[in-house]
Amino acid sequence: MASFLYTTFMVMVLLSYFGICFAFPGFNFGWGGGGGGGGDGTFSGGQGYFSLSSEFYSFTCPQANDIVMSVLESVIAEEPRMAASLLRLHFHDCFVQGCDASVLLDDGEVFSSEKNSGPNSNSIRGFEVIDAIKSKLEETCPETVSCADILALAARGSTILSGGPNWELPLGRRDATQASLSGSNNNLPPPNSTIENLIKLFRQQGLDEADLVSLSGAHTIGMARCTSFKQRLYNQDGNNQPDSTLEVTYYNGLKTVCPQFGGDNNISPLDFASPARFDNTYFQLIMLGKGLLTSDQVLLSGNVEETMHLVKAFAEDDALFFDQFARSMVKMGNINPLTGYNGEVRKNCRMVN
């Protein structure tokens with residue numbers, strides 16, 4: 001009789017344990033606080049004991065990454081530029097009230113969409129790709145994979161498919177139920193930022209100079225609108241003169257793309273040498289005075305020793321850049337995520353449930 005009771009008790013314990021695991025995939029009983037990730041592959045979201053984990057969907061949606069990659073492979077093969085756009089979406093999400101997919105929300109009854117902000121309006125793109133990924137995930141794993149995690153997975157996948165590094169990605173973010181238009185207007189670094197302003201905006205997010213320089217290296221892929229760099233060509237310091245740090249032949253070429261009047265939506269590669277290839281050419285071009293945006297070139301010309309050193313180091317060693325970029329992407333992806341019972345898992349990434 002005692003043996004029977006003990007066996008029954010152990011079965012109940014095991015059932016209880018597996019119930020917890022399935023209800024909260026990736027649940028970690030660690031002493032989670034705020035701040036950066038630990039060395040054990042779990043990353044605290046600042047929400048009690050709940051942490052981000054690379055194994056978060058192991059039970060509830062093990063095919064999540066495969067679904068994301070299948071959509072990305074098709075889209076990026078057709079339009080390589082989309083990789084940069086999806087990487088930028090994740091960045092613009094995390095810098096505004098944390099990595100919570102608030103950037104994907106359309107206008108709501110009680111908030112204005114971050115899509116309407118100065119840095120985002122007529123600029124960020126890729127929403128239809130996120131919609132396509134979400135639709136496929138909802139078919140396979142309904143109400144399981146958050147839009148915030150989709151952004152993180154799409155950013156990593158876009159990097160890989162462009163020739164960049166892979167990294168172990170902590171997951172388990174949940175989605176915000178509101179957006180912050182003011183945060184989007186104030187927290188995202190403008191293209192004409194000084195080095196001091198860049199450092200300040202990154203530090204506000206808990207990111208340091210190594211993160212600033214390596215994450216700026218995402219500009220190794222993608223394009224920028226003329227309006228983002230026109231000031232450098234015609235009136236950089238309010239004296240109707242170009243930016244003196246621009247290399248002359250590069251400057252002359254940019255003027256043909258971006259006239260002084262009109263043409264604001266014309267586009268130019270951020271890295272004209274290999275605009276669809278994730279590599280360290282971006283840093284090599286900065287060394288030659290051929291960074292497209294002010295915020296690119298000041299990493300070298302801003303006379304901050306650490307950023308200057310990193311630009312030179314990354315220009316010489318692509319493996320060093322790849323390693324730091326991967327580390328900084330994980331760190332950025334851990335900016336104030338909603339975890340546990342906070343937020344929600346949206347059924348449609350454009351609106352709250």
Side-chain angles (χ1 to χ4, degrees), residues 72 75-76 78-97 99-108 111-134 147-148 150-151 154-155 158 162 176 178-193 197-198 201 215-216 218-236 243 254-272 275-276 282 291-297 348-351:
L72 293 181
V75 168
I76 292 171
E78 184 175 336
E79 186 188 0
R81 179 190 171 198
M82 187 55 70
S85 298
L86 294 171
L87 192 51
R88 188 167 179 243
L89 263 185
H90 184 41
F91 177 89
H92 279 226
D93 179 42
C94 290
F95 265 56
V96 182
Q97 67 182 29
C99 306
D100 60 2
S102 60
V103 73
L104 301 177
L105 287 169
D106 290 337
D107 285 328
F111 59 81
S112 295
S113 172
E114 292 169 20
K115 298 173 185 178
N116 301 325
S117 71
N120 289 339
S121 180
N122 299 316
S123 180
I124 56 170
R125 55 198 292 274
F127 300 109
E128 295 79 7
V129 179
I130 301 299
D131 291 341
I133 294 171
K134 181 61 173 174
C147 300
I150 291 173
L151 284 174
S158 295
S162 301
Q178 59 184 8
S180 176
L181 180 62
S182 62
S184 186
N185 277 319
N186 295 321
N187 295 351
L188 295 168
N192 277 304
S193 289
N197 193 44
L198 288 172
L201 289 171
L215 292 174
S216 295
H219 286 177
T220 182
I221 54 175
M223 315 286 281
R225 292 188 303 152
C226 177
T227 185
S228 300
F229 58 89
K230 179 178 284 192
Q231 178 179 324
R232 292 192 76 198
L233 306 181
Y234 303 106
N235 191 26
Q236 176 70 341
D243 185 342
L254 289 176
K255 286 198 299 181
T256 66
V257 175
C258 185
Q260 186 168 6
F261 303 104
D264 282 0
N265 289 320
N266 295 349
I267 57 176
S268 181
L270 287 153
D271 168 356
F272 69 84
Y282 164 83
L292 181 63
L293 308 178
T294 297
S295 59
D296 297 323
Q297 196 63 44
N348 180 333
C349 290
R350 294 175 181 260
M351 62 187 69

[atom2] on [Y] to [atom1] on [X], rounded to 0.5 Å:
X	Y	atom1	atom2	answer
Ile150	Cys349	CD1	SG	4.5 Å
Ser228	Asn265	OG	CG	9.5 Å
Asn187	Gln97	CG	CD	9.5 Å
Asn192	Gln236	CG	CD	5.5 Å

(message) Using only atom types and a distance under 3.5 Å, with no angle test, would you say the side chain of Lys115 pairs donor to acceptor with the backbone of Leu104?
(response) yes
Check whether any side-chain heavy atom of [X] lies under 4.5 Å from a side-chain heavy atom of [Y], and answer yes or no.
X	Y	result
Gln231	Asp243	no
Ile221	Leu270	no
Cys99	Leu151	no
Val103	Leu89	yes
Leu86	Val75	no
Arg232	Leu254	no
Leu181	Asn116	yes
Glu114	Ser180	yes

(message) Could you work out, with salt bridge (Lys or Arg N to Asp or Glu O under 4.0 Å) as the rule, every residue matching Arg125, not counting sequence neighbours?
(response) Glu79
(message) Which residues pass the salt bridge (Lys or Arg N to Asp or Glu O under 4.0 Å) test with Asp264, not counting sequence neighbours?
(response) Lys230
With [X] via side chain to side chain donor-acceptor pair (under 3.5 Å) - residues at least two apart:
X	value
His219	Asp296
Thr220	Asp271, Asp279
Asn185	none
Ser123	Arg88

(request) Could I get the full list of ring-ring contact (aromatic ring centres under 6.0 Å, His included) partners for Phe127, not counting sequence neighbours? (result) none
(request) Using the test ring-ring contact (aromatic ring centres under 6.0 Å, His included), find all partners of Phe229 that sit at least two apart in sequence or belong to another chain. (result) none
Who passes side chain to side chain contact (heavy atoms under 4.5 Å, CB included) against [X], sequence neighbours left out?
X	result
Gln260	Tyr234
Phe272	Tyr250, Pro269, Leu285, Lys290
Pro190	Ser193, Asn197, Leu201
Ser216	Leu212, Tyr282, Leu299

(request) Write down the atom of Ala83, the atom of Ser162, and the distance for their closest heavy-atom approach. (result) CB-OG, 3.3 Å
